[in-house]
Amino acid sequence: MAQPNYRAPKGTADMLPDIARVWEHLLLVAQDLFARYGYEPVYSPVFEHTDVFVRGIGEATDIVGKEMYTFEDKGGRSITLRPEGTASVVRAVLEHNLTANGQSTKLYYSGPMFRYERPQAGRTRQFWQIGVEALGMADPTADAEVIALMMQFFEDAGLPRERLQLLINSIGDENCRPVYRDTIAQFIRSHAGDLCEECVRRAETNPLRAFDCKNEGCRTVMGQAPQLRDELCDDCAAHYAAVKTNLDAVGVSYIEDPTLVRGLDYYTRTVFEVQAEGLGAQSAIGGGGRYDRLVEVFGGQPTPGLGFALGFERMFLALQAAGVEVPRPEIAEVFVARTVPELATEAFAITQRLRDGEIAAEMDHQGRSLKAQMKVADRLGAQFVVLVGPDEVAAGQVTLRDMTTKDEQRVDIADVVDVLYEALADVYMDEAEDMLDAIDGSEEI
RNA sequence: GUGGGUGUAGCUCAGUUGGUUAGAGCGUCGGACUGUGGCUCCGAAGGUCGCGGGUUCGAGACCCGUCAUCCACCCCA
């Protein structure tokens with residue numbers, strides 16, 4: 001329709017089958033992989049009290065400052081659609097005391113997030129994320145494990161490693177970061193003449209983000225600034241070194257990026273981001289880090305935490321750019337066609353009989369000609385067609401057509417399911433053998 | 001919030017310096033001797049040319065506005 005009465009709201013999109021299939025593929029890959037790493041699923045509400053995000057993510061962040069979908073509900077409460085997952089999950093963990101007595105927890109979540117932004121390639125107002133949160137683990141092995149898990153996800157999802165860049169950095173903790181912040185703020189003020197207005201303003205709000213500025217001049221100036229890696233306190237430096245050692249130990253390659261500063265206030269020490277090819281200007285496909293103070297922000301006992309999140313829309317773009325296809329499964333193994341409209345009920349009964357036998361069966365519900373039904377059967381990828389005609393029905397039979405060989409045989413209706421079991425088994429055996437041959441031909445087993 | 005591009009059949013797009021019944025490919029539907037698919041051939045359906053206003057004898061094409069969409073800035077997944 002050129003001018004529909006209704007459209008999906010700006011920044012949202014309908015996930016039609018070709019896309020929804022990829023979503024489900026990603027979800028399945030994640031469920032399988034994350035479980036192997038000891039993570040359990042959690043579903044927190046899609047909206048929270050606004051304060052959860054304001055305090056959790058940080059008042060000075062762009063997310064809280066201008067991107068939240070906030071509204072008042074009928075009870076006068078300020079409610080916000082979640083712009084990210086970590087704050088909600090940590091709130092839930094605390095609310096249910098999952099980290100009592102020093103217990104650790106590993107959780108993963110997935111679902112839509114909401115941010116009021118101007119849409120562009122790889123950025124929508126409603127977007128899907130999947131992420132993990134690990135609470136109660138301070139060791140650098142945990143950092144390495146979370147990062148390794150994220151990289152493994154990309155691999156399992158079919159995204160070639162060579163199209164990805166893993167960037168890591170340490171942004172210090174409550175001891176060394178404030179000192180460094182002041183150092184940078186000072187640096188910015190003393191170079192105010194050579195920096196853009198935005199960066200000068202950042203000196204007062206969030207000086208570290210001046211490193212992120214795309215402006216050429218700012219980049220060169222900030223390149224001269226003291227680097228946090230040289231200013232880390234002993235504990236943070238040791239932790240960061242150990243994270244790298246552990247990544248090295250398991251063969252996860254990374255690039256150290258001293259300018260990597262994430263836009264959420266809760267991060268401490270380790271931060272990381274993965275960039276992928278083919279995403280347009282929004283090249284980050286996933287990211288995360290450690291947040292050792294976040295639980296306290298919500299009033300809990302000091303509890304270390306860390307996690308990552310990655311975006312499905314961007315995964316989709318990256319997979320597409322890499323030429324990775326998620327196969328479309330056959331919709332029907334068997335199509336039941338009737339030669340005359342009067343036999344619709346008989347055809348329906350047989351279709352249901354097949355489905356009861358767990359055979360993927362389909363039939364026509366539009367009263368179409370036999371020829372048209374055959375076309376549909378072909379398009380759906382049916383291996384066999386069950387022909388229901390007056391002659392057959394009179395004899396309590398149907399005609400079974402093999403769509404590959406075109407062989408046809410009469411089968412008693414009572415035996416259709418069993419005959420199809422065997423016929424389909426043969427088909428699948430042949431396919432399996434072909435696959436094995438293909439593997440044999442290409443690599444040693 | 002700022003800037004730029006684009007808006008023609010279900011999809012991808014053509015539509016010459018404004019001129020008569022708006023086109024193609026794909027898809028869909030039907031047919032090619034009567035109960036049968038994939039190839040080929042033939043045919044059909046389907047368009048308020050985003051919307052509103054203006055210029056003109058005449059606008060899908062030009063101007064203004066508006067809406068939508070895309071891309072970029074910002075920031076992030």
Side-chain angles (χ1 to χ4, degrees), chain A residues 1-13 16 18 26 57 60-67 82-86 110-131 150 196-199 201-202 206 209 212-215 260-264 273-276 279-288 307-318 335 337-343 366 368-393 398-404 406 408:
Chain A
M1 225 191 276
Q3 183 205 20
N5 288 324
Y6 295 101
R7 292 167 169 267
K10 183 190 274 289
T12 67
L16 300 179
D18 281 344
L26 294 176
I57 298 170
T61 61
D62 280 2
I63 292 178
V64 171
K66 53 187 191 189
E67 297 172 3
R82 61 180 181 194
E84 57 102 50
T86 302
S110 66
M113 305 295 163
F114 307 85
R115 257 123 96 159
Y116 190 87
E117 297 185 273
R118 194 75 171 263
Q120 71 182 76
R123 177 203 276 164
T124 50
R125 290 183 172 180
Q126 175 177 149
F127 56 99
W128 279 77
Q129 280 193 171
I130 189 160
M150 181 169 70
C196 68
E197 291 177 28
E198 182 63 28
C199 283
R201 199 174 322 130
R202 280 171 174 144
N206 198 341
R209 266 200 273 156
D212 265 349
C213 192
K214 299 281 196 309
N215 188 305
L260 179 62
V261 181
R262 317 218 77 238
L264 294 83
E273 181 171 303
V274 173
Q275 305 199 334
L279 297 190
Q282 309 303 321
S283 55
I285 193 171
F308 68 73
L310 47 91
F312 275 21
E313 282 79 1
R314 293 183 188 179
M315 276 295 293
F316 179 83
L317 292 175
F335 191 92
R338 74 244 175 298
T339 62
V340 292
E342 296 72 44
L343 290 173
Q366 302 182 83
R368 303 219 262 187
S369 70
L370 179 59
K371 190 188 189 73
Q373 293 178 71
M374 291 300 291
K375 278 190 178 178
V376 174
D378 188 58
R379 198 173 57 221
L380 296 181
Q383 305 282 352
F384 296 92
V385 165
V386 170
L387 277 166
V388 183
D391 298 349
E392 291 90 333
V393 170
V398 293
T399 295
L400 187 59
R401 177 183 177 87
D402 183 323
M403 291 295 272
T404 312
K406 300 186 179 181
E408 296 191 353

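Hydrogens, waters and symmetry mates play no part in the numbers below; they use all other heavy atoms, side chains included. Each chain gets a letter, A, B and so on, in the order its sequence line appears, and its residues count up from 1.
Within the structure, a side-chain polar atom (N or O) of A:R262 is placed less than 4.0 Å from OP1 or OP2 of B:A77. Residue A:Q120 has a polar side-chain atom (N or O) positioned under 4.0 Å from OP1 or OP2 of B:A72.
A:R125 and A:E117 are not joined by a salt bridge, as no carboxylate oxygen comes within less than 4.0 angstrom of a charged side-chain nitrogen.
Pairing for B:G58 is absent, with no Watson-Crick or G-U wobble pair whose two atom distances lie under 3.5 Å. The nucleotide B:U69 finds its pairing partner in B:G5, both defining distances of the Watson-Crick or G-U wobble pair being shorter than 3.5 Å. Base pairing annotation: B:G27 forms no Watson-Crick or G-U wobble pair, as no partner gives both donor-acceptor distances under 3.5 Å. Across all strands shown, B:C39 forms no Watson-Crick or G-U wobble pair with both key distances under 3.5 Å. As the counterpart of B:U17, no nucleotide is assigned, since no Watson-Crick or G-U wobble pattern has both distances under 3.5 Å.
Of the C1' atoms belonging to B:C51 and B:U2, the separation is 25 Å, rounded to the nearest Å. B:G35 and B:G27: their P atoms are spaced 26 Å apart (whole Å). Nucleotides B:G53 and B:C42 place their C1' atoms 46 Å apart, quoted to the nearest Å. With both ends at atom P, the span from B:C41 to B:C26 equals 9 Å, rounded to whole Å. With P as the reference atom, B:C57 and B:U66 are 28 Å apart, rounded to whole Å. Annotation: B:G50 and B:C67 have their C1' atoms spaced 8 Å apart (nearest Å).
A:V340 is not listed as a side-chain neighbour of A:V388, based on a closest heavy-atom distance of 4.5 Å or more. Side-chain contact between A:I285 and A:Q275 is absent, with no heavy atoms from C-beta onward closer than 4.5 Å.
Residues A:A281 and A:E313 each lie close to RNA chain B; by heavy-atom proximity, the contact nearer the 5' end of the strand is made by A:A281. Toward the 5' end of RNA chain B, the nearer of the two residues A:R118 and A:S283, judged by each one's closest nucleotide, is A:R118.
Evaluation of atom-type donor-acceptor distances gives no pair under 3.5 Å for the side chain of A:R7 against the base of B:C67. Below the 3.5 angstrom threshold, one finds a donor paired with an acceptor across the side chain of A:E117 and the base of B:A77.
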Which parts of nucleotides 26-41 of chain B does protein reach within less than 4.0 Å, heavy atoms only, written one letter per nucleotide 5' to 3' as B for base, S for sugar-phosphate only and - for none? --SSS----BBBB---

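Across all strands shown, A:G280 has heavy atoms under 4.0 Å from sugar-phosphate atoms exclusively, and none from any base. Within the 4.0 angstrom heavy-atom criterion, no nucleotide atom of any strand lies near A:A377. In this structure, A:E273 reaches neither bases nor backbone, as no heavy-atom distance under 4.0 Å exists between it and the strands shown.
There is no side-chain donor-acceptor pair under 3.5 Å between A:T399 and A:E408.
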